[in-house]
Participant: 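Provided herewith is a single structure, encoded as structure tokens, for subsequent inquiry.
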Amino acid sequence: MFKIVSKRELNPTVTMMDIEAPLVARKAEAGQFIILRTDEDGERIPLTVAGYDREKGTVKIIFQIVGATTEKLNHKQVGDCLADFAGPLGRPTETEGLKKVCVVGGGVGCAIALPVAQKLHEQGCEVHSIIGFRSKDLVILEDEFAACSDKLTVMTDDGSHGTKGVVTVPLKEAIDAGENYDEVITIGPLIMMKFVVGVTKPANVKTVVSMNPIMIDGTGMCGGCRLTVGGKVKFACVDGPDFDGFEVDFDEAMKRGAMYRDFERHAYDEACNLFKKEVQ
Amino acid sequence: MAANMSLKKNEMPVQDPVVRASNFSEVALGYSEETALDEAARCLNCKNMPCVSGCPVNIHIPAFIEKIKEGDFEAAYQVISESSSLPAVCGRVCPQETQCEAKCVRGIKGEPVGIGRLERFVADWHNEHAKENVKRPEPNGHKVAVVGSGPSGLTCAGDLAKKGYQVSVFEALHTAGGVLVYGIPEFRLPKKIVKKEVDGLKALGVEIDTDVIIGKTITVDELFDMGYEAVFIGSGAGLPRFMGIEGEALCGVYSANEFLTRNNLMKSYNEHSDTPVMHAKKTIVVGGGNVAMDAARTAKRLGADVTVVYRRTEHELPARREEVEHAMEEGIEFRFLTNPTKINGEDGWVKSITCQRMELSEPDESGRARPVAVEGSEYDIDADCVIMSIGTSPNPLIKSITAGLEVNKRGGIIVNEDTGATTKKGVYAGGDAVTGAATVILAMGAGKTAAKAIDEYISSK
């Protein structure tokens, strides 16, 4: 069993937890993911590693409450255990040799972008971070990004914090202004990553995107997480989750990602009703 | 008891096809004691035992059937368990018709003895009646690691544990059993039977660590550092193959692995499961193997109208005859000499599948007649779900990380067939990780071979 050793709400829909999982903590690297089940008979969901403490043997996860399983996970408290927590899976983000990188995070994707930015910063790379949120109360990890970035730009859709607008605006300005990035690493909603590539591809700035498709086993067996990259079938669990942004078919990934939307909505409502009943 | 000279085997009682096509309970119900005694009496107890040579794990078949004739079912079980770690599983899923029963003398004129059915009877009788009194073998002080808890891993672990080895089995998923739990459906192999077999191994002292992915959580080299003297890799089948045709990324297209994993491992057929699965109206299954039959019959039970398309004829179907017959009885349609060329979508979802007619030509390197497309024969079949069941490649995880472990061009780990030894010292392998998709019993045979070789390797050190 995998004990929750700390829990903190980062905003009303995003929660951070440290999970006791010494074997995973020993090996985890930025960019990799884990698979968890909250309870026996629960669903297997992949979450990208948001941090780790090798000495304490804990792995940090940050998740947005989007469906039944994340709702159940959010109801767990410090001291409770998760039924399963397996990993680390997938390939770590490649950072070797990078000297100047722009990290672009959107929403809860910033949770995954942060360890990448930190790793780059630790290896002496110049890090420019652009993080975007819908509004001020949804902003997460701003201080942490500030600590590992040579330059930080915070964007909100409604202008309630930082600069009003989307992340691609400052990114394009930076590239146009002659910032010579070795690479742009972007993690966030598919639509955001698609638009980031829309900016970087014409400028020919190599762009790495982190894909988070639907998965079941996560170990290279079921093929559920397949994507089309460069016209070929790739599997996010073993070939990714990082891919060359220029080659990813985002439109297809968005359609596939919505396959169970009705079911998820229903399951989420059921889970919420169950918790409401318990409260009553 | 006089020999029963009936030319036919006793039939296996089954659930009515109409009823079973909408439930997930086991289809075959098993012999009663009377039927088992009657069937056992058909065995002539041949001196040269041709049936034994047809069994990949060489069960002493006439000996266990003799015990059935004597009415000593527990003794019959003990005979089987000398050679097989998973009798209740093999009695259900082995292709006996091409193995032991194919060699049975009674099959020359009439039907062979129902060896598989008798094996299942004995195993079920034991599971129901026997008081477990497992003797833990004297520990010999040596540790062996087994990667994967499917049929090859469980067999290897069981054989080594019986010799006194301290065996740890590492399983990537949350439940032990490998393909027996994620692949083979409940209606063919109830999961409580797999659990019982796994519990039997635990009683022998085998430790099972779930949620540990060897190659990721712990590497093979680290296992040696942890004091394991040998490692057996039975990591099983891997990524599914697709046809490479247009439309395979549409919503509603599954690999058989994904479709079956959702249903079998995650129980998505149960409406209370958190894991979703599509309840399609019209499902097309592409392929003709046992996995295709499992997928088709599962889709049927979820309420779909199901058609299997296969590019050769009924004669070449690689699936077991029994599975094909069961599928047909359940109302699954088969279109032979039919091959998909395109999956057509609307708003990102499957709408229909375009197929072309095929003709058989000269045999190819597999010895089967090669299907050739008939020009201009394309036609569409309406469908909202397509399940691709055209094979898998061995699991990619371990080989990409373990130095010194060589694989062939299909991704299978290269082994010495007589021992299961890989190109890395102290590392053995077997099952689908070596051969690509094959049968449960062949994987068990490989686990057994490796267990023997590992014992010799460690004893001679």
Side-chain angles (χ1 to χ4, degrees), chain A residues 2 21 23-24 26-27 32 34-45 67-69 72 83-91 214 216-228 232-233 235 237-239 249 251-260 262-264 266-267 270-271, chain B residues 171-175 178-179 182-183 209-213 215-219 222 235-242 244 248-262 265-268 270 272-279 345 347-349 388 392-398 400:
Chain A
F2 304 89
L23 287 179
V24 184
R26 215 165 50 95
K27 286 288 175 67
Q32 290 187 297
I34 56 90
I35 292 259
L36 67 79
R37 288 196 315 160
T38 53
D39 304 277
E40 284 298 322
D41 303 325
E43 182 184 25
R44 292 171 71 88
I45 61 161
T69 300
K72 287 176 189 172
D84 301 280
F85 194 89
L89 290 155
R91 295 166 187 268
I214 293 169
I216 307 149
D217 70 296
T219 62
M221 189 271 285
C222 85
C225 64
R226 67 188 188 276
L227 304 159
T228 304
K232 292 203 176 81
V233 175
F235 299 96
C237 70
V238 289
D239 300 322
D249 185 337
D251 294 335
E252 176 190 291
M254 281 187 262
K255 283 187 181 132
R256 284 184 60 79
M259 183 162 167
Y260 298 101
D262 291 347
F263 179 96
E264 279 159 7
H266 176 73
E270 267 197 351
Chain B
E171 168 57 48
L173 297 177
H174 56 263
T175 308
V179 73
Y182 76 72
D209 275 345
T210 52
D211 293 331
V212 179
I213 305 119
K216 288 287 183 186
T217 319
I218 301 173
T219 64
E222 284 170 331
S235 52
L239 292 163
R241 294 210 176 94
F242 289 89
E248 284 183 306
L250 289 165
C251 294
V253 181
Y254 286 104
S255 71
N257 268 13
E258 180 187 352
F259 184 70
L260 291 171
T261 301
R262 283 178 182 275
L265 179 70
M266 308 310 296
K267 309 271 178 258
S268 59
N270 180 336
H272 299 297
S273 169
D274 285 341
T275 303
V277 73
M278 197 178 156
H279 288 249
D347 302 329
W349 290 80
M388 289 291 173
T392 58
S393 49
N395 196 302
L397 267 184
I398 287 188
S400 64

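To find a chain, count down the sequence lines: A is the first, B the second, and so on, and within it residues start at 1.
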Participant: Using a cut-off of under 4.5 Å on heavy-atom pairs, state which of Asn257(B), Ile218(B), Leu239(B) scores highest against chain A.
Facilitator: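 Winner by heavy-atom pair count: Leu239(B).
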Participant: With a 4.5 Å heavy-atom cut-off, do Phe2(A) and Val24(A) have their side chains touching?
Facilitator: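 Sidechains of Val24(A) and Phe2(A): no contact.
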Participant: Pick one of side chain, backbone, both or neither for Phe259(B), based on which atoms fall under 4.5 Å of a heavy atom in chain A.
Facilitator: neither
Participant: Which atoms of Leu23(A) come close to chain B, meaning under 4.5 Å heavy atom to heavy atom: side chain ones, backbone ones, both, or neither?
Facilitator: both
Participant: Considering residues at least two apart in sequence or located in another chain, which fulfil the salt bridge (charged side-chain N to carboxylate O under 4.0 Å, His left out) criterion with Glu252(A)?
Facilitator: none
Participant: Which region of Gln32(A), side chain (C-beta onward) or backbone (N, CA, C, O), has a non-hydrogen atom less than 4.5 Å from a non-hydrogen atom of chain B, or is it both or neither?
Facilitator: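 Answer is side chain: those atoms of Gln32(A) sit under 4.5 Å from chain B.
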Participant: Among Gly215(B), Gly348(B), Pro240(B), Ser255(B), which residue has the highest count of heavy-atom pairs closer than 4.5 Å to chain A?
Facilitator: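 The answer is Pro240(B).
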Participant: Roughly how far apart are Asp239(A) CG and Arg91(A) CZ, rounded to 0.5 Å?
Facilitator: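 Asp239(A) CG to Arg91(A) CZ: 6.5 Å, rounded to 0.5 Å.
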Participant: Which atoms of Thr275(B) are under 4.5 Å from chain A, going by heavy atoms: the side chain, the backbone, both sets, or neither?
Facilitator: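 Both parts, heavy atoms under 4.5 Å.
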Participant: Heavy-atom distances under 4.5 Å only: say whether Thr219(B) touches chain A with side chain, backbone, both or neither.
Facilitator: both
Participant: When you measure from the side chain of Asp217(A) to the backbone of Cys222(A), do you find a donor-acceptor pair of N or O atoms at a distance under 3.5 Å?
Facilitator: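 Indeed, once roles are kept as given, a pair shorter than 3.5 Å links the two residues.
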Participant: Heavy atoms only: give me the nearest Thr392(B)-Ala237(B) pair and the separation to one decimal.
Facilitator: OG1-CB, 3.5 Å
Participant: Apply side chain to side chain contact (heavy atoms under 4.5 Å, CB included) to residues Ile45(A) and Leu36(A) and explain how you reach the verdict.
Facilitator: CA-CA 6 Å; Ile45(A) 61 161; Leu36(A) 67 79; 3.8 Å; yes
Participant: Please state whether the side chain, the backbone, both or neither of Ala83(A) comes within less than 4.5 Å of a heavy atom of chain B.
Facilitator: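 Backbone only.
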Participant: Based on non-hydrogen pairs under 4.5 Å, which of Thr228(A), Asp41(A), Leu89(A), Ile35(A) is most in contact with chain B?
Facilitator: Leu89(A)
Participant: At a 4.5 Å cut-off on heavy atoms, which part of Ile214(A) comes close to chain B: side chain, backbone, both, or neither?
Facilitator: side chain
Participant: Could you tell me which portion of Arg44(A) (side chain, backbone, both or neither) has an atom closer than 4.5 angstrom to a non-hydrogen atom of chain B?
Facilitator: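 Both backbone and side chain.
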Participant: How close do Met259(A) and Trp349(B) get, counting heavy atoms only, and between which atoms?
Facilitator: O-CH2, 3.3 Å
Participant: Report yes if some heavy atom in the side chain of Arg226(A) is under 4.5 Å from a heavy atom in the side chain of Val253(B); otherwise report no.
Facilitator: yes
Participant: Below 4.5 Å from any heavy atom of chain A, which atoms of Ala249(B) appear? Answer side chain, backbone, both or neither.
Facilitator: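 Looking at Ala249(B), backbone and side chain both touch chain A.
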Participant: With a 4.5 angstrom heavy-atom cut-off, is it the side chain or the backbone of Met278(B) that approaches chain A, or both, or neither?
Facilitator: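 It is both, since atoms from each part get that close.
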Participant: Quick one: which of Gly224(A), Gly218(A), Gly42(A) has the most heavy-atom pairs under 4.5 Å with chain B, could you say?
Facilitator: Gly224(A)
Participant: Please find the pair of heavy atoms, one from Arg26(A) and one from Thr217(B), that lie closest to each other, and give the distance.
Facilitator: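 Here Arg26(A) and Thr217(B) meet closest at NH2-O, 3.3 Å.
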Participant: Looking at Ala253(A), Gly90(A), Ala258(A), which has the largest count of heavy-atom pairs under 4.5 Å with chain B?
Facilitator: Gly90(A)
Participant: So for Arg256(A), is it side chain, backbone, both, or neither that comes closer than 4.5 Å to the heavy atoms of chain B?
Facilitator: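 Answer is both: backbone and side chain atoms of Arg256(A) are under 4.5 Å from chain B.
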Participant: For Lys27(A), enumerate each residue passing the salt bridge (charged side-chain N to carboxylate O under 4.0 Å, His left out) test, keeping only those at least two apart in sequence or located in another chain.
Facilitator: Glu222(B)
Participant: Heavy-atom cut-off 4.5 Å, strictly under: side chain, backbone, both or neither for Lys72(A) against chain B?
Facilitator: side chain
Participant: By a 4.5 Å heavy-atom criterion (distance strictly below it), what part of Lys267(B) contacts chain A: side chain, backbone, both, or neither?
Facilitator: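 Interface part for Lys267(B): neither.
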Participant: Taking atom NZ of Lys255(A) and atom CG of Asp347(B), what is their separation to the nearest 0.5 Å?
Facilitator: 8.0 Å
Participant: At a 4.5 Å cut-off on heavy atoms, which part of Val277(B) comes close to chain A: side chain, backbone, both, or neither?
Facilitator: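 Contact with chain A is through the backbone of Val277(B) alone.
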Participant: Who wins among Ala21(A), Gly220(A), Gly223(A), Gly67(A) for the most heavy-atom pairs under 4.5 Å with chain B?
Facilitator: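 Greatest number of close heavy-atom pairs with chain B: Gly220(A).
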Participant: Between Met266(B) and Tyr182(B), is there a side-chain heavy-atom distance shorter than 4.5 Å?
Facilitator: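 The answer is no; the side chains never approach within 4.5 Å.
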Participant: Identify which part of Leu173(B) has an atom lying under 4.5 Å from any heavy atom of chain A, answering side chain, backbone, both or neither.
Facilitator: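 The answer is both parts of Leu173(B).
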Participant: To the closest 0.5 Å, what do you measure between CE (Met221(A)) and CD (Glu258(B))?
Facilitator: 10.0 Å
Participant: For Phe85(A), which atoms come within 4.5 Å of any heavy atom of chain B: side chain, backbone, both, or neither?
Facilitator: backbone
